[in-house]
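Beneath this line is the structure, given in structure tokens, with notes to follow.
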Amino acid sequence: MILAGTDGDRGWRLDNYLARGGYSALKKVVGERIPPENIIAELKASVLRGRGGAGFPTGLKWSFMPRSFPGDKYLACNSDEGEPGTFKDRDILRYNPHTVIEGMAIAAYAMGATRGYNYIHGEIFEIYERFEEALAEARAAGLIGSNILGSDFSFELFAHHGYGAYICGEETALLESIEGKKGQPRFKPPFPASYGLYGKPTTINNTETFASVPFIINMGGEGFLELGKPNNGGTKLFSVSGHVNRPGNYEIEMGTPFAELLEMAGGMRGGRKLKGVIPGGSSAPVVPADIMMDCTMDYDSISKAGSMLGSGAVIVMDETTCMVKALERLSYFYFEESCGQCTPCREGTGWLYRVVHRIEHGLGRPDDLDLLNSVTGNIMGRTICALGDAASMPVQSFVKHFGDEFLYHIENKKCLVPPEVQYEGS
Ligand code: SF4
């Protein structure tokens with residue numbers, strides 16, 4: 001749906017987007033003066049859940065914006081895609097930027113927002129330039145800006161690029177960064193819907209969430225929901241990486257069996273056995289192969305398996321993977337990216353990394369697994385933002401499901417998977 005028809009020559013250009021039926025949803029909304037509450041009702045009926053990771057129902061989020069607020073209200077698109085394993089939003093912006101612009105314009109109409117920003121991850125600068133070009137096309141065609149399509153509806157939209165800090169993907173840190181401040185999360189409440197950008201009501205959605213909006217308007221909320229399964233509407237992009245033959249982005253209906261997705265990605269590389277999968281970006285708990293093979297790709301099934309669908313980044317690991325080494329890499333990432341604002345996260349992520357690092361390098365101690373569980377227990381739920389939990393959940397799940405490998409490292413000062421096999425499979 002989102003990536004359909006975008007692979008031709010310059011498929012991202014406005015004329016090609018219009019040829020694919022682009023902006024018909026915006027024309028319908030503005031031309032027929034559809035009441036904003038009807039649009040929000042359609043979003044609720046679609047059960048579109050936020051595609052950035054949290055999975056919060058989009059229609060409900062939109063309904064939190066105060067209707068009669070005097071002055072500016074803001075929209076922000078979170079394209080600060082920095083979660084290890086996730087690479088879908090950059091492809092939406094690379095191949096179909098106008099669907100994001102159209103989705104944001106419809107959202108602005110529904111919530112009465114006057115200005116919007118698309119916050120684009122700083123390490124993918126060419127995407128920022130492409131989005132700027134698409135904005136220029138949309139502005140010239142009267143699709144954003146003042147008096148859109150000759151109506152009394154106006155909405156200004158700007159691109160804003162970050163500088164690569166993972167924490168700026170947290171919604172309030174993103175707002176701080178747009179305001180020109182250090183990108184650090186704010187305390188909540190107040191929530192952005194009442195006190196957001198520049199202290200004004202603000203709604204923040206992920207790139208893929210906005211990109212889905214035109215389809216919901218065109219096919220109706222019920223039609224979108226039917227593509228998925230109850231409580232898990234529509235299609236979703238999954239970024240499949242790791243030990244598969246064809247890593248890449250796959251847009252599939254929610255509720256598709258994981259085994260089918262694995263097949264689409266060409267199956268396991270070298271015909272090796274699946275060992276474990278991180279199904280929703282590096283923050284999501286790892287799921288062992290036998291449990292994962294029974295899952296369908298939707299919020300409820302993955303949650304039942306003890307993990308999270310998150311941003312839809314599916315990291316596939318085969319039997320040659322050393323789980324201690326894999327966790328060491330993840331733990332370093334969170335240690336490096338903690339903004340340092342609160343003690344449990346700032347100090348705890350360092351502890352997690354150092355303990356896993358010493359286990360991996362043959363210096364583990366008999367009580368290190370207890371120590372890891374204790375440190376994660378002291379981080380979770382005690383921090384300003386979710387990064388503390390995000391750093392802790394992988395540690396807990398790796399130790400829970402692959403504890404034997406950690407113990408082997410501690411007792412034998414070496415890896416259960418011989419280095420030459422790891423190298424061959426890496
Ligand atoms: Fe910063 Fe970590 Fe606290 Fe989030 S949890 S505010 S990243 S120190």
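Every heavy atom of this structure was used, including side-chain atoms; hydrogens, water molecules and symmetry mates were not. By convention here, the first residue in the shown sequence is residue 1. Indexing begins at 1, ligand by ligand and atom by atom, following the structure's order. No experiment lies behind these values; they were computed from the predicted model shown.
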Atoms of ligand 1, numbered as shown, that sit under 4.0 Å from any heavy atom of Ile384: 6 (S)
Side chains of Tyr334 and Ser282, heavy atoms from C-beta outward: is any pair under 4.5 Å? yes
Is atom 1 (Fe) of ligand 1 under 2.8 Å from any N, O or S atom of Cys345? no
Would you check if atom 3 (Fe) of ligand 1 lies under 2.8 Å from any N, O or S atom of Cys342? yes
Flag yes if more than 12 heavy atoms outside Trp351 fall under 6.0 Å of its CH2 atom; otherwise flag no. no
Considering only protein heavy atoms, which is closest to atom 4 (Fe) of ligand 1, and at what distance to one decimal place? Cys385 SG, 2.3 Å
Go through ligand 1 atom by atom and flag the ones less than 4.0 Å from a non-hydrogen atom of Thr383. 5 (S)
Structural part of Ile167 in contact with ligand 1, heavy atom criterion under 4.0 angstrom: side chain
Are the aromatic rings of Tyr163 and His161 close, with centres under 6.0 Å apart? yes
Out of all atoms in ligand 1, which are within 4.0 Å of some heavy atom of Ser338? Include the element for each. 2 (Fe), 8 (S)
Do me a favour and list the nearest non-hydrogen protein atom to atom 6 (S) of ligand 1 with residue, atom name and distance? Gln341 NE2, 3.5 Å
Is any side-chain heavy atom of Lys275 less than 4.5 Å from a side-chain heavy atom of His243? no
Provide, to 0.1 Å, the distance between atom 1 (Fe) of ligand 1 and the closest protein heavy atom, together with that atom's residue and name. Cys339 SG, 2.3 Å
Does atom CD of Glu179 have more than 12 heavy-atom neighbours, drawn from other residues, nucleotides or ligands, at distances under 6.0 Å? yes
Check: Tyr198 ring centroid to Tyr74 ring centroid under 6.0 Å: yes
Is Asn205 close to Val213 at the side-chain level, that is, under 4.5 Å between some pair of heavy atoms? no
Distance under 4.0 Å to a non-hydrogen atom of Pro185: what atoms of ligand 1 satisfy this? 6 (S)
